[in-house]
2 protein chains.
Amino acid sequence: MKEKVTIYDIAKALNITAATVSRALNNNPKISEATKTLVMETAKKMNYEQNRFALALKSGKSHNVGVIVPFINRNFFSSIIRGIEEELYPKGYHVIICQTHEDAKKEEETVQNLLNAQVDGILMSVSKTTQQVRHFKKILKSNTPLVFFDRIKEMDGVSTVTINDFQGGYMATKHLIDVGCTRIAHATVDLALPIYKHRFEGYKQALEDHDIAYNDDYLITTKSDIDAGEKAIKKLLKLKNAPDAIFSASDYAALGAIQQLNVLGIKVPDDFAVVGFSNEPFTQFMELSMSTVDQSPVEMGKTAARVFLEQMKEPNLKIMKKVELSPELIVRKSSSKLTANNKQI
Amino acid sequence: MKEKVTIYDIAKALNITAATVSRALNNNPKISEATKTLVMETAKKMNYEQNRFALALKSGKSHNVGVIVPFINRNFFSSIIRGIEEELYPKGYHVIICQTHEDAKKEEETVQNLLNAQVDGILMSVSKTTQQVRHFKKILKSNTPLVFFDRIKEMDGVSTVTINDFQGGYMATKHLIDVGCTRIAHATVDLALPIYKHRFEGYKQALEDHDIAYNDDYLITTKSDIDAGEKAIKKLLKLKNAPDAIFSASDYAALGAIQQLNVLGIKVPDDFAVVGFSNEPFTQFMELSMSTVDQSPVEMGKTAARVFLEQMKEPNLKIMKKVELSPELIVRKSSSKLTANNKQI
DNA sequence: TTGTAGGCGTTATCAG
DNA sequence: CTGATAACGCCTACAA
């Protein structure tokens, strides 16, 4: 009952040869319809299942793709993975997931590992600590399609899917200006990483476009957690000319900021407006819901998957595609002043 | 540069035979240390990587495990997956993830799919709509270890990892009684599913143990979303003898309940206490943070993975293990009345 | 201690 | 249209 049935078994049953069975199963045009249907039927009858290993050995394709993210249980990443899975499953690919824990070394090791496993492609978001690109080059050298999403590393031959972080930063900042804020601080995480750099640049550009001088004191570098947000507020409020708003590149830091503002008795949004980034689920469930920038992660995952599929279609020519999705500003209570010409969501 | 080097290549380079190379690489005791190290070295030098397909074809083991969940981007599940990955990766297994979207048909198909892919085991949480067990039997018949986590189906030969939902329901309800509530409602999702049934039974038992009569009017079946929670509150408050607390088997419904209570101007927790279930991340970030029951999902994933590994160690004997983790009551503001003898977290 | 040969399940090439 | 055969890369009796 449990022994696998092979094409030989069904060949024997029909008094033909395995090659014919194989061809029939693969819809080879030079097989008579008669035997084709005959083979198909008995195959079904005998519960035949193609052995993927044999196929993989022969073809060199595993029909698996590797996905590497820092942590799986971060909503942003798990949503991307969801998108990838939904796009790739119908095409017969399985998704192998690995996490780096933001550790460059683990990332290198994982890449090597997936390469050994002969995945047909690697889709990944680069760890924060990654400096080297050696392991990425190895992927390319092995002729395996590589797609970066969100956290990218500029490299020749690698496709990327990102959102327009500049635009996101711009929108968030412009919104704060629109609701009447004039001293807008920015909390970033690490300006060495493109995503944060672009958000910062968008912030700066929005200020400039509205004749607000950029103030270095208002730029604060924090970790992406609640604690960091609290500290940031403490520090900012000590300034002579304290800000009246903050655009945080991290929802978590923004949350910490709001909590600290509450502690200090400063009214959000009236006395201090806050906008985060990422649209983490909790932002909409907070009593004082948080304005933020949505990155449509599921869509991002689907897009990354589609880029990979395109690449698979043209195995001989190197495609390098850069897709940029548009962020969406979501205005909620934390920045909804009555003076504003904005619509509440 | 990109052609794979095989054991034949390294055999040729050393003027020995591939078999010897294979043995050396596998640390076969009947190979001289001299050739062993020699082989090892040149293998490294030539960047030899074992072809996993060939190995898989020969051994029948893929070193992949399949994980099936309803949705990947639900914190509970992604945390479980995180635990599984962290436990299995060091042992050389890769984790393939698939989602059912709570669709029984998709679940069957996915199982079949993973079986074809010859995964070495399947770890899964059963879809809400699943009635049949045909596909599970197929897994067992193929001699593939099967581990259910959280959402299980009682079946012979299947290991399970769950939390003690009865205890969770009991703790939550007892806590509400402790803070002085006497008319405690319960929102469930589907009593046909073991997890919800057990939570309900815990609820009932706690009432009984404290001499509170169970009231059928207080049992309300909702979906697991915000909307459902709002409706539930509306319905409950129409009762002649309206409840003064609710234990919801879903954090989302609990959230909806709190929101609706706010709309109606009913003070939480003083006039109406709320406890949810699952400890979704948003529950602690709400302005009025929500009491809930934590299920330690990462630990659950790790445990499921360990159960799988045990099973792999003893391939000949059928192990059937039932692990039950303890839930943890997390008391937050939504149920922290001053009258209570509880500690705030 | 090492070599030889066969097989894991498929597919591709070459005949017929 | 179909059959025979080799090959994908590795492992393992069996022989030497």
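Protein chains get the first letters and strands the later ones, always in sequence-line order, with residue 1 at the start of each. Bear in mind that the values here come from a model prediction, so they are computed numbers and not experimental data.
Rounded to whole angstrom, the span from the CG atom of B:N116 across to the C1' atom of C:dG9 amounts to 14 Å. Between the CG atom of B:L57 and the C1' atom of C:dG7 there is a distance of 9 Å, rounded to whole Å. As rounded to whole Å, 11 Å separates atom P of C:dA12 from atom CD1 of A:I7. Atom OH in A:Y8 sits about 11 Å away from atom C1' in C:dC8, given to the nearest Å. The separation between B:N51 atom CG and C:dC8 atom C1' is 13 Å, rounded to whole Å.
The shortest distance between side-chain heavy atoms of A:F136 and A:E108 does not fall below 4.5 Å. Contact check for B:V67 versus B:I96: no side-chain heavy atoms found under the 4.5 Å cut-off. Residues A:D9 and A:Y48 form no side-chain contact, since every pair of their non-hydrogen atoms from C-beta on lies 4.5 Å or further apart.
Residue A:L55 is in sugar-phosphate contact alone, with no base atom involved, counting any heavy-atom pair closer than 4.0 Å across all strands shown. Among the atoms of the strands shown, none is found under 4.0 Å from any heavy atom of B:F53. Residue contacts shown for A:E49 are limited to sugar-phosphate atoms, with no base heavy atom under 4.0 Å away.
Closest contact between the side chain of A:S22 and the listed nucleotides D:dG9, C:dT10, C:dT11 involves C:dT11.
For the residue pair A:T35/A:S32, the side-chain donor-acceptor check at 3.5 Å is satisfied. Inspection of the B:H94 and A:N113 side chains reveals an N or O donor paired with an N or O acceptor under 3.5 Å. For the residue pair A:T144 / A:S142, a side-chain donor-acceptor distance below 3.5 Å is found, with atom types taken as modelled.
For A:K58 and D:dA7, a side-chain-to-base donor-acceptor distance below 3.5 Å is present, hydrogens and geometry of angles not being considered.
Contact annotation: A:N26 side-chain N/O to C:dT11 OP1/OP2 distance is under 4.0 Å. For the pair B:Y48 and D:dC10, the criterion of a side-chain N or O lying under 4.0 Å from OP1 or OP2 is met.
Classified by interplanar angle (parallel below 30°, tilted 30° to 60°, perpendicular above 60°), the ring pair A:F71/A:H101 is parallel.
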Please produce a list of atom pairs where a protein N or O lies less than 3.5 Å from an N or O of nucleotides 2-4 of chain C.
{"residue": "C:dT2", "atom": "OP2", "partner": "B:S32", "partner atom": "N", "Å": "3.2"}
{"residue": "C:dT2", "atom": "OP2", "partner": "B:T35", "partner atom": "OG1", "Å": "3.0"}
{"residue": "C:dG3", "atom": "OP2", "partner": "B:T17", "partner atom": "N", "Å": "3.1"}
{"residue": "C:dG3", "atom": "OP2", "partner": "B:T20", "partner atom": "OG1", "Å": "2.3"}
{"residue": "C:dG3", "atom": "N7", "partner": "B:R23", "partner atom": "NH2", "Å": "2.6"}
{"residue": "C:dG3", "atom": "O6", "partner": "B:R23", "partner atom": "NH1", "Å": "2.9"}
{"residue": "C:dG3", "atom": "O6", "partner": "B:R23", "partner atom": "NH2", "Å": "2.9"}

